[in-house]
There are 2 protein chains.
Amino acid sequence: MRITNQREIILEELRRLKTHPTADELYEVVKKRLPRISIATVYRNLERLSEAGIIHKLEYGGRQKRFDGDVRPHSHVFCVRCGRISDVDTVEGLSVRAMVLDPKGFEIIEGSLQFEGICPECQKGNSLTTN
Amino acid sequence: MRITNQREIILEELRRLKTHPTADELYEVVKKRLPRISIATVYRNLERLSEAGIIHKLEYGGRQKRFDGDVRPHSHVFCVRCGRISDVDTVEGLSVRAMVLDPKGFEIIEGSLQFEGICPECQKGNSLTTN
DNA sequence: GTATTAAATAGTAATCATTATCAAAAAGGA
DNA sequence: TCCTTTTTGATAATGATTACTATTTAATAC
Ligand SMILES: [Mn+2]
Ligand SMILES: [Mn+2]
Ligand SMILES: [Zn+2]
Ligand SMILES: [Zn+2]
């Protein structure tokens with residue numbers, strides 16, 4: 001995978017943000033540094049980078065995908081009101097894989113804890129988007 | 001919520017299927033009993049029923065939503081190749097909620113274990129759909 | 001049983017996030 | 001510099017879901 005200016009800045013900005021942005025949220029941020037970049041380039045690179053395991057694609061909540069520049073194993077909580085995602089600190093050293101009794105023939109690649117809740121913003125009643 | 005014929009049969013067929021069908025998969029099944037039903041009715045009722053907590057909406061994998069007539073707490077594994085979802089048996093009596101150290105201000109509604117893997121069909125190389 | 005009215009349906013159009021396409025530009029050698 | 005491959009920007013196409021609306025149905029009152 002070539003190192004293009006666009007790719008580098010997309011990755012840099014994603015890693016800087018701790019918000020798990022959607023493609024278009026990240027596009028708005030990247031556009032400040034690369035005003036001529038195309039939204040398609042953002043989508044394309046997020047896809048390429050996640051295939052390569054350099055970033056993570058988060059597919060909770062059914063509408064827009066979100067992205068995470070932090071690929072270390074960790075858990076997320078998803079806001080059912082607005083779709084925001086936050087990291088959640090969980091007890092150390094738990095093996096989710098080891099909790100499986102019967103994988104029903106699936107070859108399990110990975111396991112994680114997942115949470116749903118209401119984010120601080122939405123608790124205040126600022127449910128701007130409906131996911 | 002009124003009990004209409006369509007609503008009743010949609011729920012009945014969803015509960016019968018153990019496959020966590022998509023809206024259109026369920027539509028094909030329901031159509032055998034109600035040949036004049038509209039796909040919009042299936043979508044509408046799946047939405048209503050899941051809002052009411054009578055069924056569960058599963059939003060893994062970023063593409064089509066899947067639905068589960070079994071609302072008892074249990075874990076799922078999602079096939080990264082084809083999108084199929086299966087129940088997974090996990091160790092009894094684990095409180096996922098209790099594993100949270102810092103919810104980062106979120107009011108947590110529920111937690112679950114989630115797995116990704118390759119389903120038996122896709123292991124045989126029959127990856128019909130690409131999720 | 002018939003009338004009333006609120007809710008649900010069928011059929012279809014609209015939405016919108018994402019993916020595909022393709023000519024032009026850039027990267028990375030030879 | 002020249003050549004080949006990859007990437008980009010712009011835009012069209014896709015596809016799952018949601019919105020719309022005239023018509024029908026369910027539930028209730030009479
Ligand atoms: Mn994260
Ligand atoms: Mn299930
Ligand atoms: Zn929120
Ligand atoms: Zn599969």
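No hydrogens, no waters, no symmetry mates; every other heavy atom, side chains included, goes into these values. A quick note: this is a predicted structure, and the numbers were derived from the prediction, not measured. First the proteins, then the strands, lettered A, B, ... as listed; each starts at 1.
The distance between atom CE of Met1(A) and atom P of dT5(D), rounded to the nearest whole Å, is 20 Å. In this entry the distance linking CD of Glu25(A) with C1' of dT18(C) reads 16 Å, nearest Å. For the pair Tyr43(A) OH and dC16(C) P, the computed distance is 12 Å after rounding to whole Å. What separates CZ of Arg66(B) from C1' of dA16(D) is a distance of 13 Å, to the nearest Å. Atom CG of Asn45(B) and atom P of dA26(D) are 13 Å apart (whole Å).
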Would you tabulate the side-chain donor-acceptor contacts of residues 11-21 of chain A under 3.5 Å, counting partners in other chains and residues two or more places apart, or write 'none'?
unit_1   : atom_1 : unit_2   : atom_2 : d
Glu12(A) : OE2    : Arg33(A) : NH1    : 2.9
Glu12(A) : OE2    : Arg33(A) : NH2    : 3.0
Glu13(A) : OE1    : Arg16(A) : NE     : 3.0
Glu13(A) : OE1    : Arg16(A) : NH2    : 2.5
Glu13(A) : OE2    : Arg33(A) : NH1    : 2.7
Lys18(A) : NZ     : Arg15(A) : O      : 3.1
His20(A) : ND1    : Ile85(A) : O      : 3.1
His20(A) : NE2    : Asp68(A) : OD2    : 3.1
His20(A) : NE2    : His76(A) : NE2    : 3.2
His20(A) : NE2    : Asp87(A) : OD1    : 2.9

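Pairs of residues two or more places apart, or lying in two chains, that qualify as side-chain hydrogen bond (donor to acceptor under 3.5 Å, both in side chains) and include a residue from residues 47-57 of chain A are Glu47(A)-Lys57(A).
Every residue meeting the side chain to side chain contact (heavy atoms under 4.5 Å, CB included) condition with Ile39(B), not counting sequence neighbours, appears here in chain and number order: Asp24(B), Tyr27(B), Tyr43(B). Residues meeting the side-chain hydrogen bond (donor to acceptor under 3.5 Å, both in side chains) test with Arg2(B), sequence neighbours left out: none. Residues passing the side-chain hydrogen bond (donor to acceptor under 3.5 Å, both in side chains) test with Asp70(B), sequence neighbours excluded: Arg72(B). For Arg36(B), there are no side-chain hydrogen bond (donor to acceptor under 3.5 Å, both in side chains) partners two or more places apart in sequence or in a different chain. Asn5(A) meets the side-chain hydrogen bond (donor to acceptor under 3.5 Å, both in side chains) test with no other residue; sequence neighbours excluded.
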Quick one, give me the B/S/- string for nucleotides 9-14 of chain D, reading 5' to 3', where B means a protein heavy atom under 4.0 Å from the base and S means that only happens at the primed atoms, P, OP1 or OP2. BBB---
For nucleotides 23-30 of chain C, read 5' to 3', which letter fits each nucleotide if B means a protein heavy atom sits under 4.0 Å from the base, S means only the sugar-phosphate is that close, and - means neither? ---BBS--
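Annotation for Val88(A): hydrophobic cluster partners, listed by chain and number, are Val77(A), Val91(A), Leu94(A), Val96(A), Met99(A), Val100(A), Leu101(A), Phe106(A), Ile108(A), Leu113(A), Phe115(A), Val77(B), Val88(B), Val91(B), Leu94(B), Val96(B), Met99(B), Val100(B), Leu101(B), Phe106(B), Ile108(B), Leu113(B), Phe115(B) (ILVMFWY side-chain heavy atoms under 4.5 Å, direct or chained).
Bending across the helix from dG1(C)-dC30(D) to dA30(C)-dT1(D), expressed as the angle between its end axes from five pairs apiece, amounts to 30° (10° rounding).
Of the residues in residues 12-22 of chain B, not one places a heavy atom less than 4.0 Å from an atom of DNA chain C.
Asp24(B) comes within contact range of no nucleotide atom at all, as no heavy-atom separation falls under 4.0 Å.
Neither Ile54(A) nor Val80(B) shares a network with the other; the hydrophobic side chains, linked directly or stepwise wherever heavy atoms of I, L, V, M, F, W or Y lie under 4.5 Å apart, form separate groups for each.
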